[in-house]
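First the proteins, then the strands, lettered A, B, ... as listed; each starts at 1. This structure is a prediction, so every number in the text was calculated from the model and none was measured. Note: hydrogens, waters and symmetry copies are ignored here, and every other heavy atom, side chains too, is used.
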Amino acid sequence: MNDIKVKVKDLSLRYGTNLALKKISMDIPEKMVTAFIGPSGCGKSTFLRTLNRMNDLIDNVTIEGEVFIDNINIYDKSIDVVNLRKKVGMIFQKSNPFAKSVYDNIAFGPRINGISQKSVLDEIVERSLNQAAIWDEVKDRLFHSALSLSGGQQQRICIARSLAVNPEIILMDEPASALDPISTAKIEELIHELKKEYTIIIVTHNMQQAARTSDLTALFYLGDLIEMNKTEIIFSNPAKKQTEDYISGRFG
Amino acid sequence: MNRNIKDTIVESLTGVCVLVIIFIIVAILTITIIGGWPNLNWTFLSEFPKDGMTKGGIFPAIVGTAVMTIIMAVAAVPFGVITAIYLAEYANEKSIIAKTIRFAVKTLAVVPSIIFGLFGLGFFIGFVGKNMDSLFSGGELKWGQPNILWASLTMALLTLPVVIVSVEEAIRTIPREMRAASLALGATKWQTIRKVVIPGSVSGILTGTILAVSRGAGEVAPILFTGAVYFSSNLPHSLSDQFMSLGYHIYIMSTQSSNVDATQPIQFATTLVLLLLTFSLNAVAVVLRYRIRQKAK
């Protein structure tokens, strides 16, 4: 097992008075794929969003507990959320490229960080698109609108866009749930490539996807972390009856 | 009653209503064009009124309306856009401040335009202008009387709620996912607004503001007490000058004329010019929106 990248301690989250996450603790290793599974409303996406503090944007959310990334508590008062989000990128369920050209989408992050030299931007755009395995498909249409691409291509553009700011962790919130099987396969292949350099945390509804792509799997249910272990153990020999029931499709 | 009959009745009713609307528009256009077009020529557009407005042109009223519209836009648009950004992006929907602003904007939008005129008279002329005079010119009357600046600012107040509402609507058309994407890349809130929200809603912002401004351009009531004059032999050459306006000119000619037969053709032509002016502003808005949409594709 690799070094610990993210360490969560007793994390609870409330929407108003509704307790959505109950004292979650877990360790997430570096440069591996960790999958969160569980039925709708179990808290897996909410938990994912605590790792780059996207829940801060929602009114009425209160969070207790600690999340350490590289041994720094990201909920500490001294933390700059903007820097945190540069380090922890995020891919959303619905691909959300800006209504700009492919190039401007990828260059968005570097530009807001003050990079304006064209040669540097060109290099970042090409590298990011290559990493996201979409360079060959879009290299002749860099200055066309990203919205003219297919859904699967748009999602890879979004991945390239987040890679362009050099994150260390990439959070993926059901990144393939709106895609066809071929596009899904491409995203999964990409996840496999990316874990060589990045720590990847993926939320998925699709248990086969968790089994195929992840090294570790965590099952959430009603705001509790039920079980977390190596993916092959979760899917072959889980410790809890509830896990076995869920993966065999008896509830959820 | 038979369902089909009901259906037919409703359908004919909607048809009649549509016809009435079309009839009104066609009537306004036909009457104005038939009455005004023969009198519309370069002399009419470029000359001052003559002989108690029974002859000559409407040049000073065109210039006055144009200058007033520009000053009004310069005052209302930035103010309205900033307020709309605050309401759409920063204000907590449930906060008392946001609720108060929204209530104020809604109330402002339904205040009759003549009240704005009175407010302009009391506030800009009676209060701001008077105090400026006693501060800067030892009480000598300069700003404490109607002028084009106070008229334009009064008009800006009238159009402000329309600008705010239409800009806020345009900003809200940007999906939340776009903002989330930008923030997740480490953009600050202001960077997100500046680089994602405003560029994405620019066509809506432009269209909304142009429509609001073009509505103000033809208004008369707010400028009655605040700066418009019935006749001026000079063009306004400073902000403290009074001015002639197309809308007010039409009102004067149709109610105060000493020779109705002589002023009527001029009235028609003036009305046509005012209509053309506001229509062309609307046309600019439509073209802009179309162009920007094409570009976004």
Side-chain angles (χ1 to χ4, degrees), chain A residues 48-49 51-60 80-101 104-114 128 144-148 154-155 157-167 169-173 178, chain B residues 85-102 167-208 288-297:
Chain A
L48 189 78
R49 284 161 175 269
L51 305 181
N52 68 343
R53 294 187 52 175
M54 284 301 268
N55 288 320
D56 289 15
L57 304 174
I58 304 168
D59 296 332
N60 254 331
D80 179 1
V81 182
V82 165
N83 285 330
L84 168 72
R85 293 194 186 128
K86 282 172 191 160
K87 186 168 170 171
V88 186
M90 185 163 210
I91 309 301
F92 297 81
Q93 180 173 6
K94 200 172 147 241
S95 62
N96 53 1
F98 302 127
K100 301 174 189 284
S101 69
D104 287 340
N105 262 279
I106 312 301
F108 183 89
R111 279 181 178 143
I112 59 172
N113 289 324
S128 308
H144 291 209
S145 169
L147 298 177
S148 65
Q154 288 189 15
Q155 193 62 300
I157 292 292
C158 293
I159 293 175
R161 182 176 66 184
S162 82
L163 296 176
V165 289
N166 291 319
I169 301 171
I170 302 172
L171 309 176
M172 298 185 172
D173 191 356
Chain B
I85 289 175
Y86 173 79
L87 283 175
E89 299 292 326
Y90 288 97
N92 179 343
E93 286 298 309
K94 288 167 198 147
S95 75
I96 293 175
I97 302 177
K99 281 183 180 163
T100 314
I101 298 176
R102 258 175 234 289
V167 172
E168 191 189 348
E169 257 167 35
I171 289 176
R172 286 193 188 275
T173 59
I174 303 298
R176 269 173 50 194
E177 295 87 50
M178 294 295 151
R179 296 181 174 84
S182 169
L183 294 168
L185 289 165
T188 61
K189 190 150 188 172
W190 172 234
Q191 284 172 325
T192 303
I193 293 172
R194 199 160 47 99
K195 307 232 166 167
V196 177
V197 176
I198 293 180
S201 51
V202 72
S203 75
I205 293 176
L206 282 176
T207 328
L288 264 180
R289 180 162 52 186
Y290 178 78
R291 283 240 176 126
I292 292 168
R293 284 210 182 136
Q294 287 298 307
K295 221 178 124 191
K297 270 176 197 164

Which heavy atom of A:R85 sits nearest a heavy atom of B:L183, and at what distance? CD-O, 3.2 Å
With respect to chain A, which residue among B:A180, B:G200, B:P175 yields the maximal number of heavy-atom pairs within a distance under 4.5 Å? B:A180
Whatever's closer than 4.5 Å to a heavy atom in chain B on A:V81 counts as neither
The side-chain contact (heavy atoms from CB on, under 4.5 Å) partners of B:I193 (sequence neighbours excluded) come to B:I85, B:E89, B:Y90, B:K189, B:W190, B:I198
Side chain, backbone, both or neither: which part of A:R53 has a heavy atom under 4.5 Å from chain B? neither
Taking all atoms of both residues into account, what is the closest heavy-atom pair of B:P199 and B:R194, and its distance? CD-O, 3.1 Å
For residues 82-101 of chain A, which residue pairs pass the ring pair (Phe, Tyr, Trp, His ring centres under 6.0 Å) check, not counting sequence neighbours? A:F98-A:F108
Please look at A:I112 and chain B and tell me whether the side chain, the backbone, both or neither of the residue comes under 4.5 angstrom of a heavy atom of that chain. both
Is A:K100 in contact with chain B via its backbone, its side chain, both, or neither, using a 4.5 Å heavy-atom distance? side chain
For A:P167, which atoms come within 4.5 Å of any heavy atom of chain B: side chain, backbone, both, or neither? neither
Closest non-hydrogen atom pair between B:A98 and B:N92, with its separation: CB-O, 3.4 Å
